[in-house]
Amino acid sequence: MSQEGAFLKQREAFLPLGDPTRRALDGDINQSLVEKAKRVGLWALDLPEAAGGSRVGQVARVLIYREFARTALPFEPPAIPAVVARSPYARKLANGKLSLALAFDEVHKTGDLSAIRAVYRRGAGGYELYGDGIDVIHPDADLYLLPAVAHEGGDVGLFLLERNVVGVKVERESDLTTDQTVARLTLDGCRIGSDHLVGAKGDVEGIIASEQLRIAARSLGIAIRCLDASLEHARNRVTFGRPLSSRQAIQWMLTDVAVSLRTCTWLTLEAAWKADQGMPYFHGAALAKKRAARMAFEAADTAIQIHGGYGVSKEFPFESFYREARLLRLLYGREAEIDRKMGEEA
Amino acid sequence: MSQEGAFLKQREAFLPLGDPTRRALDGDINQSLVEKAKRVGLWALDLPEAAGGSRVGQVARVLIYREFARTALPFEPPAIPAVVARSPYARKLANGKLSLALAFDEVHKTGDLSAIRAVYRRGAGGYELYGDGIDVIHPDADLYLLPAVAHEGGDVGLFLLERNVVGVKVERESDLTTDQTVARLTLDGCRIGSDHLVGAKGDVEGIIASEQLRIAARSLGIAIRCLDASLEHARNRVTFGRPLSSRQAIQWMLTDVAVSLRTCTWLTLEAAWKADQGMPYFHGAALAKKRAARMAFEAADTAIQIHGGYGVSKEFPFESFYREARLLRLLYGREAEIDRKMGEEA
Amino acid sequence: MDFRLSPEEETLRRQVEQFVREELIPLEPVFEGAPDIFEGSRWKSRAKLSRDPEVQRYIAVMEGLKRKAEAGDLWHLDVPKAYGGREVSNVAMIAVTEELEKASVPFELGNHVSNILYACKGEQVERFLLPCIRGEKTACFGLTEPGAGSDPSMMAATAAPDGDYFAINGTKMFPTFGDVAGFVQVFARLPGTKGREGVTCFLVDTGHPGYRVVRSIGTIAGSEPCELVFDNCRVPKNQVLGEVGKGWELNQAWLGARRFQVGIRCHGTAQRVLRRVGALLRLDPREHEKFSASLGHFRGEMEALRSITYHGSWKADQGMDARFEAACVKLFGTELLHRVVDFALEVAGPGALRKEHAIARAFRYARPRRIVEGASEIQRHMIQRALFREGIACMEL
Amino acid sequence: MDFRLSPEEETLRRQVEQFVREELIPLEPVFEGAPDIFEGSRWKSRAKLSRDPEVQRYIAVMEGLKRKAEAGDLWHLDVPKAYGGREVSNVAMIAVTEELEKASVPFELGNHVSNILYACKGEQVERFLLPCIRGEKTACFGLTEPGAGSDPSMMAATAAPDGDYFAINGTKMFPTFGDVAGFVQVFARLPGTKGREGVTCFLVDTGHPGYRVVRSIGTIAGSEPCELVFDNCRVPKNQVLGEVGKGWELNQAWLGARRFQVGIRCHGTAQRVLRRVGALLRLDPREHEKFSASLGHFRGEMEALRSITYHGSWKADQGMDARFEAACVKLFGTELLHRVVDFALEVAGPGALRKEHAIARAFRYARPRRIVEGASEIQRHMIQRALFREGIACMEL
């Protein structure tokens with residue numbers, strides 16, 4: 001694990017957890033962090049070096065995202081799937097000149113391809129895309145990575161779409177409770193060149209699994225931070241003459257988080273390790289994301305409860321973790337859907 | 001509530017909770033208790049006096065069954081539905097010369113009529129009954145009360161069936177984990193007179209609701225006893241230098257039982273009161289049974305946990321309550337079915 | 001045994017039902033985009049003082065509703081007759097709130113006055129109580145401190161007698177509207193006292209010398225409670241509310257009276273969320289099939305909450321001790337709302353986390369409910385204490 | 001990082017897999033009606049001594065299996081090489097048990113000897129340890145008392161030194177097989193000592209003067225632990241196991257080593273129950289539709305249990321402190337089995353409560369697991385203590 005260990009050290013060296021009340025980075029600091037991250041190889045973790053990234057294995061990727069999630073500061077390496085490397089935008093995406101949104105919309109409901117709403121059709125020299133009511137998180141990105149179903153035959157294709165091309169309409173932008181923005185995408189026969197088809201069914205499934213691992217990793221980080229801070233607070237806070245840490249109600253809450261963290265850690269790492277070994281890992285990634293995101297939510301909920309009135313205030317990071325973890329639980333497969341799929345296996 | 005109050009006093013006077021390790025009553029004691037119960041009007045609570053019963057309202061019935069359930073001794077007034085009053089067996093059932101089993105089998109799965117497996121057909125001077133694989137609890141009863149669906153038309157009829165008539169086969173008797181017996185009933189064109197049809201669809205539904213209320217009542221009694229005994233034990237038992245009652249883990253378990261008991265008490269009584277008022281109450285009875293039986297199970301589980309090694313031993317009544325409550329949860333509608341029905345309402 | 005409202009209570013409930021149907025439901029689209037400030041805390045002090053024209057527009061609508069309610073004799077329902085109110089029962093007020101909660105418009109039939117203010121005596125009545133009843137003034141509540149919440153022994157704020165005055169020193173955390181209320185009901189202890197002994201409640205105008213708002217604190221729910229500092233704030237003796245040294249009992253009384261209203265509010269919010277879920281599921285039979293059991297489960301839990309809320313209020317109306325029930329309702333209600341909202345998000349998906357979405361609003365609103373006015377742990381503590389003190393007898397009736 | 005078994009471990013696992021497939025699975029129908037005595041405690045002392053011809057029939061089958069296992073070098077797997085065993089790793093033993101648990105036949109690859117017996121010295125080895133390894137004797141464990149379980153300070157049994165002897169006096173609750181074992185490992189304290197200090201473990205033949213079985217106690221799971229009385233039971237000094245005054249540490253070591261096996265057993269029982277559920281659901285598409293999400297949920301939880309069980313065993317093999325993991329596995333495993341069984345009954349309905357039904361068996365077996373060998377509360381206590389002592393560092397690796 002020495003390669004991973006080295007990454008972690010770097011990460012800690014240049015982005016300390018810092019002031020818990022900070023929620024935003026101003027432009028300059030952000031830019032300097034981006035530069036630093038690129039320099040030490042903590043950027044575009046899925047892209048090969050040839051495409052300007054610092055590709056690492058899934059185990060290392062999990063450990064890196066876990067570390068970045070330990071702060072409520074909105075800073076982490078962008079998730080740029082490897083399929084993008086084949087496209088002309090790869091280098092600009094890797095160096096941050098262009099930004100990317102994964103327009104996976106309804107895929108979040110089921111965590112699989114059955115919910116894709118966009119449709120594509122072969123046209124002269126490329127494709128036409130159709131679809132409406134597609135929710136996109138980060139709609140201000142320059143490029144959308146969008147799965148679509150073939151109008152005939154039902155094949156799945158993955159398209160890289162410029163936001164500004166004709167036929168793409170982005171409307172009804174609004175803020176999420178988690179501080180991201182979301183907007184509704186309409187594709188009205190939008191024409192794109194054939195080089196914009198960057199992947200097929202397996203690539204879309206791979207991105208879902210990879211994003212599930214990333215969510216699991218972030219969730220581990222959130223839970224570690226919440227548990228750590230809760231232990232600290234419980235040791236120091238005295239009520240009715242005794243520290244909170246002496247109360248079984250508090251102890252038991254933290255125990256539940258710890259047991260859950262223990263199980264989620266190994267489920268996540270095992271799935272990531274399997275991915276690195278070339279073994280099947282989709283099932284494990286889905287399970288890890290489901291359990292880890294739920295655990296992060298409960299860890300944040302526990303931290304809030306233990307911190308009392310301060311817990312729900314914006315002066316501590318827990319309410320932010322709480323909102324974020326709630327969203328993570330809803331991305332790339334609702335809990336009941338992941339359960340259902342596991343229950344349908346023979 | 002004075003009538004109910006009177007009943008309760010009587011009940012307590014003649015059947016104290018007694019030795020908690022007793023699980024059976026020998027014949028003489030049982031018979032004397034039966035006589036006493038009949039004398040004070042705690043017998044055949046659904047049958048009118050004309051039919052030899054001591055009919056009380058549903059609220060009183062709930063309170064009475066609640067009291068009887070506070071002991072693990074197998075003694076309580078038999079449940080003989082009022083429809084039986086119309087039959088020639090009424091008096092013998094009321095005075096205990098004949099015994100009755102409710103052969104509702106698969107109805108337990110869904111808690112409604114959709115799962116009835118027996119089929120009836122009009123024949124000369126009566127009916128023919130068909131069906132196989134029908135589980136009957138208390139198969140040694142003299143009479144079975146059995147719902148069946150008309151072969152043509154799908155009407156539901158309720159039949160009173162002598163166990164010994166030709167065409168009734170009772171096989172594969174075995175013991176339940178709860179100390180009752182169960183057997184499999186086969187009806188192979190069994191012929192019965194038309195006076196054995198004692199009820200229609202509404203009667204079957206009424207019996208289901210009434211049995212649900214009885215289960216809820218028993219569940220309340222079990223939970224009260226378990227909570228009471230757990231409080232007592234927690235006050236007295238000292239570990240690591242302090243009584244169990246000072247430990248939040250123990251306190252919280254008991255708090256959960258108490259809150260649940262509070263809500264189930266009023267849901268059950270409200271449904272029973274509605275029944276007495278002639279208001280619709282099926283929905284309330286199903287909900288009360290679902291929540292109360294679950295609560296009784298959790299109360300017994302808690303009592304076992306608090307009593308430690310003694311809790312799982314046969315020398316205390318909790319493991320018996322635990323097994324019984326698990327069965328109660330499965331009768332007249334599994335939890336998920338009752339939930340589903342409530343979820344399907346507009 | 002009788003589970004019905006009395007004829008008078010039923011008449012009132014129907015009036016409110018009609019008001020909700022005719023006045024509030026039609027306004028629901030208007031309030032869809034209203035800021036969080038209108039959620040939970042409803043259209044209180046801060047909103048009223050805002051100069052934001054958008055907020056002012058909502059306030060104007062609220063004022064119109066208020067006039068209609070007054071015209072229908074639906075104002076001052078829970079104010080004692082001695083002060084010109086209708087003095088309806090606790091049960092009636094639960095029924096009123098249940099009806100109001102059927103609309104998502106955050107309007108309530110005021111003016112509610114914190115119950116401890118009825119301890120006002122002499123000139124306090126004219127100066128503090130009546131202006132609140134008339135809606136001319138609002139009060140805030142200063143109890144919690146940086147190091148003290150539900151535990152009186154940790155309270156550090158002091159009130160030192162000094163001739164005809166008390167000099168109050170200390171910091172109070174989280175009074176909602178501490179920056180805009182007319183006065184604060186602040187708790188401090190006499191020097192040298194311990195525990196609940198010596199805790200005293202004072203009525204202090206917010207502009208009083210020595211009273212300082214340090215900052216307001218953002219929260220997940222959009223409310224902005226304050227940090228207040230009392231820096232040698234000298235208050236005359238006749239501004240003690242109730243008796244000197246009996247402040248903790250006032251605090252308990254204030255909390256106790258609110259629990260059942262909290263319960264029915266949680267019930268109302270959860271009902272609206274479940275209606276949204278029901279509507280979503282009706283659009284999609286496959287989704288309905290997947291989630292109907294969970295929906296049904298929560299509908300049943302809602303009935304359980306409703307039943308203990310009415311029962312506890314009835315006990316309070318009978319003059320019986322309803323503290324056990326109050327704790328059960330606060331605990332069960334706030335925890336249930338949390339679970340209902342969680343389920344609703346699971347069904348509705350990430351789109352329902354849009355800030356203005358009803359489910360997202362409920363998500364933000366629900367979280368603090370399990371902490372403020374006595375965290376769930378405090379409620380559990382009170383329940384277990386009653387259980388061990390009185391055994392199962394505490395659950396009779 | 002490597003989640004695979006080593007080549008040797010994998011070879012052993014395959015051998016056992018084959019044994020299970022060829023020898024145990026075919027016997028499943030035979031054991032369907034076996035009495036509870038064979039569940040959990042497996043084919044141990046009491047069953048062996050029974051004169052019930054039905055029990056004897058099962059025992060004969062077991063003995064046949066044992067001979068086959070010995071022939072395949074699958075016996076004495078976890079016995080140290082010094083005593084003629086294969087001394088395989090903890091991880092290997094988990095893999096072995098996982099394979100064995102795939103069959104419902106309650107056969108295990110013995111003989112397991114309680115790990116503390118390896119503290120035997122001198123003639124103790126020949127008298128107590130080796131007969132256990134050879135399967136000629138069995139031992140029982142006398143720790144719990146009427147007023148004491150996991151808390152050493154409550155232990156009342158005493159061992160008073162008296163020349164070359166100790167005189168043991170006290171009562172021990174719940175030793176399983178206390179009536180039929182060859183000897184007991186009994187814990188008692190030296191006079192005048194407190195807490196864990198002075199607690200000493202003795203090896204006492206069950207026929208020893210002063211050793212008395214008061215009664216055996218029926219339990220929900222069908223096992224019949226005993227109440228033992230030691231009435232001035234004089235035991236020579238050379239029957240002290242380990243050191244005088246270090247008995248509590250032996251107890252801890254005994255419990256610690258068993259936790260991962262308990263975890264994988266719970267996993268195995270739950271897996272078999274879930275397979276029954278899966279088979280039921282495959283028969284009925286409507287039922288399958290209703291319960292597939294819950295089935296999937298539990299399948300996922302099983303994977304979580306499996307992952308921490310292997311990880312904890314691996315830590316133990318590395319010589320790292322695995323007490324935190326051991327507590328997590330005991331807690332999570334026994335609680336999960338409880339929930340799995342509850343779900344299975346919900347699907348299968350009342351018919352599955354027939355005494356001989358696999359789910360009913362699991363129902364009775366599961367309940368005591370959350371209490372014996374350290375109740376869930378004790379596990380939580382150990383976990384929180386580690387958390388507060390070491391912070392999240394206790395979860396590194």
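Naming: A, B, ... by sequence-line order, numbering from 1 per chain.
- Note that the CG atom of B/D179 and the CG atom of D/L353 stand 11.0 Å from one another [nearest 0.5 Å].
- Each of B/G308, B/G311, B/G241 has some count of heavy-atom pairs under 4.5 Å with chain D, and the biggest count is that of B/G308.
- Between B/E337 and D/K290 there is a salt bridge, with a side-chain nitrogen of the basic residue lying less than 4.0 Å from a carboxylate oxygen of the acidic one.
- A salt bridge does not link D/E346 to B/K109: none of the charged side-chain nitrogens sits closer than 4.0 Å to a carboxylate oxygen.
- Of the listed residues D/E356, D/R370, D/M173, D/H357, the one with more heavy-atom pairs under 4.5 angstrom with chain B than any other is D/R370.
- Contacts between B/L331 and chain D at a heavy-atom distance below 4.5 Å involve the side chain alone, from C-beta outward.
- You'll find the side chain of B/R326 reaches within 4.5 Å of the side chain of D/D342, heavy atoms only.
- For D/F363 against B/R323, the heavy-atom pair with the smallest separation is CE2-CG, 3.8 Å.
- Highest contact tally toward chain D, considering only B/Q305, B/H108, B/R329, B/E335, is held by B/Q305 [criterion: heavy-atom pairs under 4.5 Å].
- Electrostatic pairing of D/R354 and B/D135 counts as a salt bridge here, judged by a charged N lying under 4.0 Å from a carboxylate O.
- Residue with the most contacts toward chain B among D/P368, D/A348, D/A352, D/G218: D/G218 (heavy-atom pairs, distance under 4.5 Å).
- Your options are B/A249, B/S174, B/A336, and the one with the most heavy-atom pairs under 4.5 Å with chain D is B/S174.
- Interface remark: of the candidates B/T178, B/T239, B/I304, B/I304 forms the most heavy-atom pairs closer than 4.5 Å to chain D.
- For the atom pair B/D175 CG and D/K355 NZ, the distance stands at 4.5 Å (nearest 0.5 Å).
- Taking a cutoff of 4.0 Å between a charged side-chain nitrogen and a carboxylate oxygen, B/K314 and D/E224 do not qualify as a salt bridge.
- Relative orientation of the B/Y322 and D/H338 rings is parallel, given thresholds of 30° and 60° on the angle between their planes.
- Summarising the geometry, atom CZ belonging to B/F240 is positioned 6.0 Å from atom NE2 belonging to D/H381; distances are rounded to the nearest 0.5 Å.
- For the pair D/A360 and B/T177, the tightest heavy-atom approach, listed with the atom from each and the gap, is CB-OG1, 3.5 Å.
- For D/R286, the CZ atom is loosely surrounded, since the number of other residues' heavy atoms within 6.0 Å does not exceed 12.
- Taking D/S294, D/P152, D/P350 one by one and counting their heavy-atom pairs under 4.5 Å with chain B, the maximum is reached by D/P350.
- Neither the backbone nor the side chain of B/R247 has a heavy atom closer than 4.5 Å to any heavy atom of chain D.
- In this structure, D/R215 places its CZ atom where more than 12 heavy-atom neighbours from other residues, nucleotides or ligands lie under 6.0 Å away.
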Item to check | Intermediate values then yes/no, side chain to side chain contact (heavy atoms under 4.5 Å, CB included), D/I217 and B/E315 | outcome: CA-CA 8 Å; D/I217 301 163; B/E315 303 189 348; 3.8 Å; yes
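- D/E377 places a side-chain heavy atom less than 4.5 Å from the side chain of B/M253.
- Proximity to chain D among residues 289-303 of chain B is limited to B/F297, B/D301, judged by heavy-atom separations below 4.5 angstrom.
- Heavy-atom neighbours of D/R323 CZ from other residues, nucleotides or ligands within 6.0 Å: at or below the threshold of 12.
- We find that D/E287 and B/R334 are joined by a salt bridge, their nearest charged nitrogen and carboxylate oxygen being less than 4.0 Å apart.
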